[in-house]
Amino acid sequence: MATVNLSDYRPLKINNASSFRIGIVVSEWNDFVTYNLRDGAIEVLKKEGIPIDNISVFPVPGAFELSYASMQLCKQGNFDAVIAIGCVIRGETSHFDYVCSAVAQGIKDCNILSDVPAIFCVLTDDKKEQSIARSGGALGNKGVEAAVTALQMIEFKRNIS
Ligand SMILES: Nc1c(NC[C@H](O)[C@H](O)[C@H](O)CO)[nH]c(=O)[nH]c1=O
Ligand SMILES: CC(=O)[C@@H](O)COP(=O)(O)O
């Protein structure tokens, strides 16, 4: 299968990006993946003009905890967008399904129940190799895509205000 880098993007050139404040919640489970997602996101935010002091990173134990932490940040009102970063890799039991479903619903709830865009940057993979490929490997970096999405959603919100 041809490798497709899903993270190629053209600079967004967003107006007033220097005023944007971004919260990043990153789970430490599978940190060999989540830290690469985090770094990919931060690289894009800096490229697009977000001052590093406007980017706040908050670690949590696992993907399941992303919901609580992201909701807290969204409701706090100090950020223009929150990016939830995690990596869930299937094990032997159905625990994978419960964790993935819970965090997807939890981040969705942040969008519905708060006024702050919450970006779902959680890999839900069957194999470790799939996660590696999507966190700076042959298939790009989902953290890059999440950062682009965050900026686009902030601009969306400002355009409708
Ligand atoms: N197996 C993975 C987990 N499991 C831990 C849960 O996310 C959670 O921390 C625990 O159930 C306590 O509430 N977390 C991941 O992020 N990735 C996994 O592969
Ligand atoms: C996604 C998980 O929680 C997973 O790592 C748990 O592994 P297992 O299903 O083998 O207990």
Side-chain angles (χ1 to χ4, degrees), residues 1 3-9 20-48 50 52 54-154:
M1 178 187 79
T3 55
V4 175
N5 185 328
L6 305 178
S7 304
D8 289 335
Y9 85 98
F20 293 0
R21 303 157 303 159
I22 310 291
I24 300 177
V25 187
V26 55
S27 75
E28 295 177 320
W29 254 84
N30 298 321
D31 60 10
F32 64 96
V33 170
T34 60
Y35 288 1
N36 286 343
L37 297 171
R38 173 202 64 193
D39 296 347
I42 291 173
E43 187 181 339
V44 166
L45 295 173
K46 286 163 63 178
K47 265 186 200 166
E48 294 293 332
I50 314 294
I52 192 67
N54 285 20
I55 303 170
S56 302
V57 180
F58 303 89
V60 293
F64 188 86
E65 284 71 41
L66 290 171
S67 298
Y68 172 80
S70 299
M71 182 66 85
Q72 292 299 308
L73 295 185
C74 287
K75 290 194 168 181
Q76 195 183 58
N78 293 336
F79 299 104
D80 297 298
V82 172
I83 301 173
I85 292 178
C87 174
V88 193
I89 299 174
R90 189 181 296 277
E92 293 175 355
T93 71
S94 59
H95 194 244
F96 169 87
D97 302 302
Y98 289 96
V99 171
C100 293
S101 174
V103 66
Q105 292 305 315
I107 303 307
K108 180 266 291 176
D109 287 347
C110 292
N111 287 281
I112 305 301
L113 301 176
S114 88
D115 197 31
V116 175
I119 311 306
F120 184 75
C121 183
V122 180
L123 302 186
T124 55
D125 298 323
D126 290 317
K127 298 186 180 67
K128 181 173 68 172
E129 292 73 16
Q130 293 172 326
S131 303
I132 291 169
R134 290 161 175 80
S135 56
L139 294 181
N141 189 322
K142 292 291 185 185
V144 168
E145 296 167 35
V148 171
T149 304
L151 297 175
Q152 290 173 326
M153 290 310 292
I154 295 170

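Heads up: numbering here begins at 1 and tracks the sequence. Both ligands and their constituent atoms are indexed starting at 1 by order of listing.
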Legend entry - Nearest-neighbour protein heavy atom for atom 10 (O) of ligand 2, which is reported as residue plus atom name and distance: Glu92 N, 2.7 Å
Legend entry - Candidate pair Asn141 and Leu37, rule side-chain contact (heavy atoms from CB on, under 4.5 Å), full reasoning: CA-CA 6 Å; Asn141 189 322; Leu37 297 171; 3.5 Å; yes
Inset, instruction - List every atom of ligand 1 that sits less than 4.0 Å from any heavy atom of Asn30, numbering the atoms from 1 in the order shown and giving each element. - result: 17 (N), 18 (C), 19 (O)
Legend entry - Lys46 atom NZ, neighbour heavy-atom count above 12 within 6.0 Å: no
Legend entry - Heavy-atom closest contact (Ile22 atom, Leu45 atom, distance): CG2-CD1, 3.9 Å
Inset, instruction - Say whether Ser94, considering both its backbone and side-chain N or O atoms, lies within less than 3.5 Å of an N or O atom on ligand 2. - result: no
Legend entry - Check: Thr93 N/O within less than 3.5 Å of ligand 2 N/O: yes
Inset, instruction - For atom 12 (C) of ligand 1, grab the closest protein heavy atom and report residue, atom and distance to one decimal in Å. - result: Glu65 OE2, 3.4 Å
Legend entry - Atoms of ligand 1, numbered as shown, that sit under 4.0 Å from any heavy atom of Val88: 17 (N), 18 (C), 19 (O)
Legend entry - Protein contact of atom 7 (O) of ligand 2 - nearest heavy atom, named by residue and atom, plus distance: Gly91 CA, 3.7 Å
Legend entry - Sub-4.5 Å side-chain heavy-atom contact between Tyr68 and Glu65: no
Inset, instruction - Specify the closest pair of heavy atoms between Thr34 and Ser27, including all atoms of both residues, with the distance to one decimal. - result: OG1-O, 2.8 Å
Inset, instruction - Would you check the N or O atoms of Ile89, main chain and side chain alike, for any that come under 3.5 Å of an N or O of ligand 1? - result: yes
Legend entry - Nitrogen or oxygen of Arg90 less than 3.5 angstrom from that of ligand 2: no
Inset, instruction - Find all atoms of ligand 1 within a distance of less than 4.0 Å from any non-hydrogen atom belonging to Phe64, and give their numbers and elements. - result: 6 (C), 7 (O), 8 (C), 13 (O)
Inset, instruction - Identify the heavy atoms of Val116 and Ala81 that sit nearest to each other, and give their distance. - result: CG1-CA, 3.7 Å
Legend entry - Minimal non-hydrogen separation, Pro117 against Met153, with atom names: CB-CB, 3.8 Å
Give every donor-acceptor pair under 3.5 Å between a side-chain atom in residues 54-63 and any protein atom, sequence neighbours left out.
{"residue": "Asn54", "atom": "ND2", "partner": "Ser18", "partner atom": "O", "Å": "3.2"}
{"residue": "Asn54", "atom": "ND2", "partner": "Phe20", "partner atom": "O", "Å": "2.9"}

Legend entry - Interfacing atoms of ligand 1 (cut-off 4.0 Å, heavy-atom, Gly62): 7 (O), 9 (O), 16 (O)
Legend entry - Considering all heavy atoms, the nearest Ser131-Leu123 contact: O-CD1, 3.6 Å
Inset, instruction - List the steps and the verdict of side-chain contact (heavy atoms from CB on, under 4.5 Å) for Asp31 and Val26. - result: CA-CA 9 Å; Asp31 60 10; Val26 55; over 6 Å; no
Inset, instruction - Report the nearest protein non-hydrogen atom to atom 15 (C) of ligand 1: residue, atom name, distance rounded to 0.1 Å. - result: Trp29 CB, 3.3 Å
Inset, instruction - Just jot down the ligand 2 atoms closer than 4.0 angstrom to any heavy atom of Ile89, in number order. - result: 1 (C), 4 (C), 5 (O)
Inset, instruction - Please write down residue, atom name and distance for the protein heavy atom closest to atom 16 (O) of ligand 1. - result: Ala63 N, 2.8 Å
Legend entry - Numbered atoms and elements of ligand 2 in range of Phe96, under 4.0 angstrom, heavy atoms: 1 (C)
Inset, instruction - Using a strict cut-off of 4.0 Å, indicate which atoms of ligand 1 neighbour a heavy atom of Cys87. - result: 15 (C), 16 (O), 17 (N), 18 (C), 19 (O)
Inset, instruction - Return a yes/no value for Val99: is any of its N or O atoms, backbone included, closer than 3.5 angstrom to an N or O of ligand 1? - result: no
Legend entry - Atom indices of ligand 2 within 4.0 angstrom of Val88 heavy atoms, with elements: 1 (C)
Inset, instruction - State, to 0.1 Å, how close Ser70 and Val25 come at their nearest heavy-atom pair, and which atoms those are. - result: OG-CG2, 3.9 Å
Inset, instruction - Let me know which of Asp126, Thr124, Asp125 forms a side chain to side chain donor-acceptor pair (under 3.5 Å) with Arg90. - result: Asp126
Legend entry - Protein heavy atom at shortest distance from atom 2 (C) of ligand 2: His95 ND1, 3.5 Å
